[in-house]
Protein chains: 2
Amino acid sequence: MAEKKKRRRGAELEAAILTAAWDQLQAKGYRDLTIEGVAAAAATTKTVLYRRWPDKARLVIAALSKFGEMPSYQGVDTGSLRGDLLDLFGQMAAVLAKLRTGTLRGILADRLDKLDLGQLMGKANTSHTVKELIQPMLDRAAARGEIASADLPERVVTLPGVLLINEVIGQRQLTVDAQVAMIDEILLPVFRSGTVK
Amino acid sequence: MAEKKKRRRGAELEAAILTAAWDQLQAKGYRDLTIEGVAAAAATTKTVLYRRWPDKARLVIAALSKFGEMPSYQGVDTGSLRGDLLDLFGQMAAVLAKLRTGTLRGILADRLDKLDLGQLMGKANTSHTVKELIQPMLDRAAARGEIASADLPERVVTLPGVLLINEVIGQRQLTVDAQVAMIDEILLPVFRSGTVK
DNA sequence: AAATATAAGATACGGCCGTATCTAATTTGA
DNA sequence: TCAAATTAGATACGGCCGTATCTTATATTT
């Protein structure tokens, strides 16, 4: 029974690390998760982690992508712009509900410079941007005659993402009421106002 | 020529620390400013700083309040809602222009949990909340008949602050174009839509 | 003026970050 | 098969955080 000095490498090692990261995230939450802690839990050293991910936020995002069961969003055609938006927000809320409180806020805080809602909330590989999700809805709405034009300004198209992020930051729950309110009080009025690009 | 063991205390000491913090902020920027560095620059120790401010963000906010020449915002009656908003945004932009790039973003990142635009952007003592700034404008607009009701939902009233913060986070400059766009494309349509609380 | 309370200053600690450097295991490919 | 290239793993470093503890100067109170 000699000690095996087997070394994990590549994908095997990476999977072990991400598993450890995921466990730590569940156990201690984002704030108290440390790179060194994950390394120790994965029975390796932080040097190895830093070779793969530049910081805690990116490590956790990788773990979320692998184990978080984050669906890639589908822009479903529900027949109305309001329905489409409600559906999208509902899907977002479902994802958020799976995250420990503070996880998203922590990641956001650490990544304030390079916000990318898609990469943050979708699978890393399918990274939708907010615009990619919203624009098709607007196109359909314009085709239906619900809104005057689908050619809206950048700031308007990305507004749903802004509202969503703000809601999360405000540590409020993303309740159904909040979703409805954002859509009826803000988004629909803006989209319908038809201020064109 | 005996060494004087004079100790600064209270306000005198505090002023010296905040001066040092302000200098460091100018010299190194928010990210590279450290509590220990400020303590050293002020010829004291971090123990003293921690007795007064709980973290870097709060220390810097205190320094900004003292030396940043941040005006407390005035809700000027320009005669129209659009004018009022433009005026407010213009004042905000002027304040932001005085800050080194990244300062506000850094503070935001460190304080994501307790966002308070007023305390952040106004003098600490006059801490306006967004609502306190916007509501009077809405009241006047309703009186003029520009909007149907001034009794708008919380989320709508605080929307200007959200847009502003988002603009800052996006490391974009708060240009006049951006101000106009936010107001014409988003805020006025929402306020005018008259969705009541 | 002496006793007491307060707060500054000095020092040390454990924790984590992010980097650098060295070694040795494992894979690669000539 | 054996040398070369990778890369895991170990270790150490300086930097900063935030806290605790102790001393001593200064202010307050009696």
How many Å lie between [atom1] on [X] and [atom2] on [N], as a whole number?
| X | N | atom1 | atom2 | result |
| --- | --- | --- | --- | --- |
| A:W53 | C:dG18 | CH2 | P | 15 Å |
| B:L49 | C:dA10 | CG | C1' | 14 Å |
| A:K28 | C:dG15 | NZ | P | 11 Å |
| A:R58 | C:dG18 | CZ | C1' | 14 Å |
| A:Y50 | D:dA10 | OH | P | 17 Å |
| B:R31 | D:dG15 | CZ | P | 17 Å |
| B:I35 | D:dG18 | CD1 | P | 6 Å |
| B:I17 | C:dA8 | CD1 | C1' | 10 Å |

Closest to the [X] side chain, choosing from [options]:
| X | options | answer |
| --- | --- | --- |
| B:E36 | D:dG9, D:dC16, C:dA8 | D:dC16 |
| A:R9 | C:dT11, D:dT19, C:dT26 | C:dT26 |
| A:R7 | D:dG18, D:dA8, C:dA8 | D:dA8 |

Ion pair check, B:D110 and B:R58, cut-off under 4.0 Å:
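Result for this pair is no, no salt bridge flagged.
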Classify the side chain of A:T47 and the base of C:dT19 as holding, or not holding, a donor-acceptor pair under 3.5 Å.
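Absent.
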Side chain to side chain, B:R9 and B:L13, heavy atoms closer than 4.5 Å:
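No; the side chains remain at least 4.5 Å from each other.
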State, with a plain yes or no, whether a side-chain heavy atom of B:V38 is found less than 4.5 Å away from one of B:L25.
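They are not in contact (no side-chain heavy atoms under 4.5 Å apart), so the answer is no.
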Quick check on DNA chain C: between A:T34 and A:R51, whose nearest nucleotide comes earlier from the 5' end?
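Here A:T34 is the residue nearer the 5' end.
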First encountered from the 5' end of DNA chain C, between B:K46 and B:G10
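Its nearest nucleotide being more 5', the pick is B:G10.
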Starting from the 5' end of DNA chain D, give me the residue, B:D55 or A:T45, whose nearest nucleotide shows up first.
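On the 5' side of the pair lies A:T45.
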Distance-only, no hydrogens or angles: does the A:K98 side chain make a donor-acceptor pair with backbone N or O of A:A93 under 3.5 Å?
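No, the answer is negative, given that no donor and acceptor are paired below the 3.5 Å cut-off.
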Donor-acceptor pair, distance only, cut-off 3.5 Å: does the side chain of A:K56 make one with the backbone of A:T34?
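No, the answer is negative, given that no donor and acceptor are paired below the 3.5 Å cut-off.
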Taking 4.0 Å as the cut-off, does a side-chain nitrogen or oxygen of A:T44 come that near to OP1 or OP2 on D:dG9?
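Result: yes.
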Kindly say if A:R52 contacts the phosphate of D:dA8, meaning a side-chain N or O under 4.0 Å from OP1 or OP2.
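True: A:R52 side-chain N/O within range (under 4.0 Å) of D:dA8 OP1/OP2.
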